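Shown next, in structure tokens, is the structure this report addresses.
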Amino acid sequence: MTERDSEIEFDFFEEPTTAEAERPDRTRRVRRPPRPPGPPSGLTPLLRLIGLISLAILLVVLLVFWISSCRGEAKKDTYSNYMGDVDQVANQSERIGASFNTAITKPDIRKTELVQTLDGLAQQQEQLVSSAENISEPGPLRNEHEHMIEALQFRVSGLRGIHDALSAQTRNANQAGQLLAAQARRLVASDVVWDDQFRAPAMQELRRQDIQGVQVPDSNFVQNPDLATSTAMKTIWQRVSGGGGGTTTSPGPHGHNLVSVKVLGGATLSQDQLNEIVATTDLGFQVTFENSGDSTETGVKVTLTIQKTPEPIVRSQTVDITEPGEEQTVTFRNITNVPFVRRTTLQVDVDKVPGETNLSNNTAEYPVIFSYPGG
């Protein structure tokens, strides 16, 4: 056997290399559960885009609402500030009207004093016109603002007109009364212009714009329109003129008589017997009197007095005007600190008017005793 033969024989018996021996070692992989099916690869960016657009729209809507709310508050503030400025003018003008009413119905005022008072009131009213002209009004209320100023100007002209009429050297009472009444009607007209040309349309404009919580001020200069009649003004002229060329009073009887005095919500008082009165927290009295003369009377003062130690309780009110045969009722409210459980006197006086001669029916005294509520 040759050497070649040996090699062949050896190869023959040699075991062949298996496939597993030739395959390299590999780490064993863990099998994962399959993923759920997702949206197609092209759909995801689209969904993201839709979400971003929706968010942008929401932000825009919120921004619009916020801007609208801010504008609404700013508009309300504008109207509120304007009405606040007008309110100050309105209140001051009303106070001037109250002063005018007090002066012209004051029983003992003379013409010279009244003329000086009217001049001062007219100057104050002129200053209010200037103040109103300097107020900056919202655009939609431009016309209403002009009418508000017009109402104030009527008050100036009315005061000036009455001042000039009283200063005129007239000797005719009827003519003076008519002239004064014509000027007084300007004051009445000022209230009408304020209500109809300013306040009512301004309130309507606020409703149209849905502005809530803003009040449109009122302003009433004339407390009693009856004073603007020629009869009332004639009486005033006669009273204030005194010896200044006109007659002091008109011919015929003048005066008032006391009709009744009663407890508010209670009985009418008697002069002949003791009146037992329960002094509640809202104790008050109603005094009724009548113009028993033939002339119109102005500035009629009524006084209620309850005797008490050390000082009596005294209340007074003035009735602007009374016509012949007319009854007037004056109410005195919130009478407090009355003397309890002892007899006292309640007295009522209707003051004398020029030309009055019979004073016996102007005054009455009532015996009273006050008791505690529930006592």
Side-chain angles (χ1 to χ4, degrees), residues 64-104 117-165 180-228 320:
V64 169
F65 274 110
W66 179 73
I67 293 175
S68 177
S69 176
C70 291
R71 287 180 176 175
E73 289 298 323
K75 181 169 67 173
K76 180 178 178 179
D77 289 343
T78 298
Y79 281 86
S80 180
N81 293 336
Y82 168 73
M83 292 302 176
D85 292 339
V86 172
D87 186 59
Q88 293 183 12
V89 172
N91 289 333
Q92 292 179 48
S93 187
E94 275 197 349
R95 286 194 289 269
I96 294 173
S99 298
F100 164 77
N101 187 85
T102 300
I104 206 167
T117 300
L118 290 172
D119 182 61
L121 295 177
Q123 290 182 34
Q124 295 177 40
Q125 190 65 46
E126 287 172 346
Q127 293 174 2
L128 290 182
V129 172
S130 298
S131 298
E133 290 174 342
N134 291 329
I135 296 176
S136 221
E137 79 279 6
L141 293 181
R142 184 170 292 109
N143 290 336
E144 289 79 3
H145 181 73
E146 291 177 356
H147 286 303
M148 183 266 292
I149 295 174
E150 180 185 6
L152 297 175
Q153 291 171 335
F154 266 121
R155 294 172 182 180
V156 173
S157 62
L159 291 171
R160 286 293 179 200
I162 295 174
H163 169 276
D164 295 343
L180 287 168
Q183 302 307 314
R185 283 194 288 270
R186 293 176 180 268
L187 302 178
V188 177
S190 75
D191 291 350
V192 176
V193 172
W194 187 287
D195 289 340
D196 294 353
Q197 302 298 320
F198 168 69
R199 190 166 187 262
M203 293 172 64
Q204 184 177 1
E205 180 63 27
L206 291 178
R207 287 193 296 267
R208 188 186 70 81
Q209 298 198 39
D210 195 26
I211 298 176
Q212 301 178 1
V214 177
Q215 301 297 322
V216 181
D218 195 6
S219 182
N220 297 306
F221 193 88
V222 179
Q223 296 183 357
N224 189 347
D226 291 339
L227 285 174
D320 294 337

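As the structure is a computational prediction, the values presented were derived from the model and not from experiment.
- Under the 4.5 Å side-chain criterion, counting only non-hydrogen atoms from C-beta, Val193 is not in contact with Phe198.
- Side-chain polar atoms of Glu144 and His147 form no donor-acceptor pair below 3.5 angstrom.
- Rounded to the nearest 0.5 Å, atoms OG (Ser157) and CD (Glu126) are 10.5 Å apart.
- Counting heavy atoms from C-beta on, the side chains of Glu137 and Arg142 come closer than 4.5 Å.
- If you take CD on Glu133 and NE2 on His145, they are separated by 7.5 Å, rounding to the nearest 0.5 Å.
- Across all their heavy atoms, Asp196 and Ala200 have their closest contact at O-CB, 4.3 Å.
- In the displayed structure, Gln204 atom CD is contacted under 6.0 Å by at most 12 heavy atoms of other residues, nucleotides or ligands.
- Side-chain atoms of Glu205 and Gln209 include a donor-acceptor pair closer than 3.5 Å.
- Considering all non-hydrogen atoms of both residues, Arg199 and Val216 come closest at NE-O, 3.1 Å.
- Taken to the nearest 0.5 Å, the CD1 atom of Ile104 stands 10.5 Å off from the OG1 atom of Thr117.
- Heavy atoms only, all atoms of each residue included: Gln197 and Pro201 are closest at O-CG, 3.2 Å.
- For the 3.5 Å distance criterion, the side chains of Asn91 and Asp87 qualify, holding a donor opposite an acceptor.
- For the atom pair CG (Leu128) and CD (Gln88), the distance works out to 10.5 Å, reported to the nearest 0.5 Å.
- Within the 4.5 Å cutoff, no side-chain heavy atoms of Tyr82 are placed close to those of Val214.
- For the residue pair Arg186/Gln183, the side-chain donor-acceptor check at 3.5 Å is satisfied.
- Looking at every heavy atom in both residues, Ser219 comes nearest to Glu94 through CA-OE2, 3.4 Å.
- Side-chain contact between Asp119 and Arg160 is present, with heavy atoms from C-beta onward closer than 4.5 Å.
- Minimum interatomic distance between Pro217 and Ala90 (heavy atoms only, all atoms of both residues): CB-CB, 4.3 Å.
- Between the CG atom in Leu227 and the CG atom in Leu180 there is a gap of 11.5 Å [rounded to 0.5 Å].
- At least one side-chain heavy atom of Phe221 sits under 4.5 Å from a side-chain heavy atom of Phe100.
- Under 4.0 Å is where a charged nitrogen must lie from a carboxylate oxygen, and between Asp191 and Arg155 at least one such pair does.
- Summarising the geometry, atom CG belonging to Asn81 is positioned 11.5 Å from atom CE belonging to Met83; distances are rounded to the nearest 0.5 Å.
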Side chain to side chain contact (heavy atoms under 4.5 Å, CB included) for Ile135 and Val86? Distances and angles first, verdict last. CA-CA 8 Å; Ile135 296 176; Val86 172; 4.3 Å; yes

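- Within the 4.5 Å cutoff, side-chain heavy atoms of Leu187 are placed close to those of Ile162.
- Judged purely by distance below 3.5 Å, without hydrogens or angles, the side chains of Asn101 and Asn224 never pair a donor atom with an acceptor atom.
- Proximity of Asn220 to Asp195: side-chain heavy atoms (C-beta onward) are separated by under 4.5 Å at one or more points.
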